[in-house]
Amino acid sequence: MGRKFEVDEESLPYLPGMMLAIVEALKDLGGSATIHELDEKVVELEGVTEIEQSYQMKGFDNRPRVNYYLAWARTYLKRGGAVKNSARGVWALTDQGQALQTIQETQAIYDQVGLEEREKARQKRLAQKNAAPLIEEPDNEGPDDGEDWKRKLLSVLGAMHPSAFERLSQRLLREAGFTKVEVRGKSNDGGIDGLGVLRVNLVSFQVYFQCKRWVGSVASKEIRDFRGAVQGRADKGLFITTGHFTSQASDEATRDGAIAIDLIDGDRLCDLLKENRLGVSTEMIERVIVDADWFSSV
């Protein structure tokens with residue numbers, strides 16, 4: 001069977017094909033996966049090229065088009081009861097999802113969800129016509145992946161001055177346990193933006209890092225260029241970006257016989273900033289419940 005979907009710079013990919021590709025990728029991964037693992041497996045199984053992975057969404061979402069529409073495909077599968085996701089962002093097949101095998105089946109889910117959405121829109125128009133307007137809920141502008149805060153954060157990071165982003169990366173590395181973290185600024189040193197020392201038990205590693213505010217996908221060429229600058233000078237390399245690494249870039253980073261380059265993409269960067277409370281905080285909302293039965297028993 002050939003490719004289930006195609007990706008270009010303008011048109012909408014065939015979502016039922018993407019849905020089936022996700023199901024097959026999850027089966028190949030043992031029934032569950034993180035979003036990153038799942039997207040990479042779909043790219044691998046479908047043979048999505050590095051050029052196709054570089055096509056970028058325009059406007060409100062800075063993800064590559066293939067990842068954006070894969071998120072929509074997951075949303076349709078979730079609405080159809082074929083997959084579920086945990087609070088930790090792990091997606092898993094349900095029994096219904098395990099039984100899916102054909103495009104016709106995912107097409108049926110796609111059609112059913114579309115029908116539900118049209119009915120919901122009709123009911124909303126009817127309610128607005130028959131009632132005084134209240135505060136309108138915003139239209140859904142993206143897939144239901146529960147990560148709106150990450151898109152907002154990446155937009156803020158993308159607006160930072162390059163030197164400020166380098167200082168933020170320096171602060172993050174210090175919070176993560178690095179010492180002697182130095183930012184070199186505009187050193188023209190083969191793409192190296194700084195270095196630091198990471199101590200693990202009794203052993204220390206010198207790590208060179210590159211940190212770039214990147215719109216779009218980081219390709220394998222950038223990883224090779226960075227490794228060339230690091231080779232013979234450090235034990236490891238670290239590439240930090242607000243963008244997304246292609247699957248080929250991920251493979252290049254861990255290529256046998258070469259210095260390993262650790263990768264932190266925009267999604268992981270958001271998580272790290274949240275974990276270390278660097279410009280990102282969480283609130284616990286208190287919910288008060290009055291137990292009328294308790295009072296009646298006094």
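Since the structure is predicted, the reported quantities are computational estimates derived from the model, not experimental observations. What's counted below: heavy atoms across the whole structure, side chains too, no hydrogens, waters or symmetry copies.
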N-O pairing of [X] and [Y] below 4.0 Å:
| X | Y | answer |
| --- | --- | --- |
| Glu116 | Arg79 | yes |
| Glu166 | Arg184 | no |
| Asp39 | Arg74 | yes |

#### Entry: Partner residues of Ser155 under the side chain to side chain contact (heavy atoms under 4.5 Å, CB included) criterion, sequence neighbours left out
none
Is any side-chain heavy atom of [X] closer than 4.5 Å to a side-chain heavy atom of [Y]?
| X | Y | result |
| --- | --- | --- |
| Thr241 | Leu263 | no |
| Val207 | Val230 | no |
| Val42 | Phe5 | yes |
| Leu157 | Met160 | yes |
| Lys212 | Gln210 | yes |
| Gln98 | Lys27 | yes |
| Glu6 | Tyr14 | no |
| Leu195 | Val181 | no |

### Task
Apply side chain to side chain donor-acceptor pair (under 3.5 Å) to Gln206 and list each qualifying residue two or more places apart in sequence or on a separate chain.
none
### Non-neighbouring partners of Arg255 that pass side chain to side chain donor-acceptor pair (under 3.5 Å), sequence neighbours left out
Glu252
### Task
Could you give me the CA-CA distance, side-chain angles and deciding distance for Val48 and Arg3, then say whether side chain to side chain contact (heavy atoms under 4.5 Å, CB included) is met?
CA-CA 9 Å; Val48 181; Arg3 288 273 295 269; 4.2 Å; yes
### Task
Take Phe165 and Cys211, measure what side chain to side chain contact (heavy atoms under 4.5 Å, CB included) needs, and give me the verdict at the end.
CA-CA 8 Å; Phe165 186 67; Cys211 47; 3.9 Å; yes
Looking just at side-chain N and O atoms, do [X] and [Y] make a donor-acceptor pair shorter than 3.5 Å?
| X | Y | answer |
| --- | --- | --- |
| Gln101 | Glu105 | no |
| Trp72 | Tyr68 | yes |
| Tyr208 | Gln231 | no |
| Ser163 | His161 | yes |

Cluster question for you: counting only ILVMFWY and a side-chain heavy-atom cut-off of under 4.5 Å, with indirect links fine, are [X] and [Y] together?
| X | Y | result |
| --- | --- | --- |
| Leu278 | Val183 | yes |
| Met18 | Leu45 | no |
| Val90 | Val23 | no |

### Query
Does anything in residues 246-277 pair up under ring-ring contact (aromatic ring centres under 6.0 Å, His included), and if so which pairs, sequence neighbours excluded?
none
For the side chain of [X] and the backbone of [Y], is there at least one donor-acceptor N/O pair under 3.5 Å apart?
| X | Y | answer |
| --- | --- | --- |
| Glu275 | Cys270 | no |
| Asn201 | Val203 | no |
| Thr94 | Ala82 | yes |
| Ser204 | Arg199 | no |
| Thr106 | Pro16 | yes |
| Arg227 | Ala253 | yes |

### Query
Do Arg151 and Asp267 pass the salt bridge (Lys or Arg N to Asp or Glu O under 4.0 Å) test, and can you show the C-alpha distance, the side-chain angles, and the key distance before you say yes or no?
CA-CA 9 Å; Arg151 287 193 283 275; Asp267 183 75; over 6 Å; no
### Candidate list Asn276, Leu269, Asp271, test side chain to side chain contact (heavy atoms under 4.5 Å, CB included), partner Leu273, passing option
Leu269
Scan the side chains in residues 286-294 for donor-acceptor partners under 3.5 Å anywhere in the protein, sequence neighbours excluded, and list what turns up.
from: Asp291; atom 1: OD1; to: Asp293; atom 2: N; distance (Å): 3.2
from: Asp291; atom 1: OD1; to: Trp294; atom 2: N; distance (Å): 3.3

## Note on the structure
Applying salt bridge (Lys or Arg N to Asp or Glu O under 4.0 Å) to Glu44 and not counting sequence neighbours gives Lys41
### Working for salt bridge (Lys or Arg N to Asp or Glu O under 4.0 Å), residues Arg65 and Glu10
CA-CA 9 Å; Arg65 289 176 65 82; Glu10 298 295 337; 5.8 Å; no
### Task
For side chain to side chain contact (heavy atoms under 4.5 Å, CB included), just list the numbers for Lys120 and Lys124, CA-CA rounded to whole Å, side-chain angles, deciding distance to a tenth of an Å, and then say yes or no.
CA-CA 6 Å; Lys120 187 186 299 183; Lys124 183 178 180 180; 5.8 Å; no
### Task
Take Lys4 and Glu46 through the salt bridge (Lys or Arg N to Asp or Glu O under 4.0 Å) test and state the conclusion after the steps.
CA-CA 7 Å; Lys4 299 174 185 65; Glu46 292 297 301; 3.1 Å; yes
I need the [X] [atom1] to [Y] [atom2] distance, nearest 0.5 Å.
| X | Y | atom1 | atom2 | answer |
| --- | --- | --- | --- | --- |
| Thr34 | Arg268 | OG1 | CZ | 11.0 Å |
| Asp265 | Ser217 | CG | OG | 10.0 Å |
| Lys274 | Lys150 | NZ | NZ | 8.5 Å |
| Leu38 | Leu70 | CG | CG | 7.5 Å |

### Message
Can you tell me which residue among Glu52, Gln53, Glu50 is in a side chain to side chain donor-acceptor pair (under 3.5 Å) with Thr246?
### Response
Glu50
### Message
Working note: Trp91 + Ile22, criterion side chain to side chain contact (heavy atoms under 4.5 Å, CB included); need CA distance, chi angles, decisive distance, verdict.
### Response
CA-CA 10 Å; Trp91 290 74; Ile22 287 171; over 6 Å; no
### Query
Is the Phe226 to Phe239 ring centre distance short of 6.0 Å?
yes
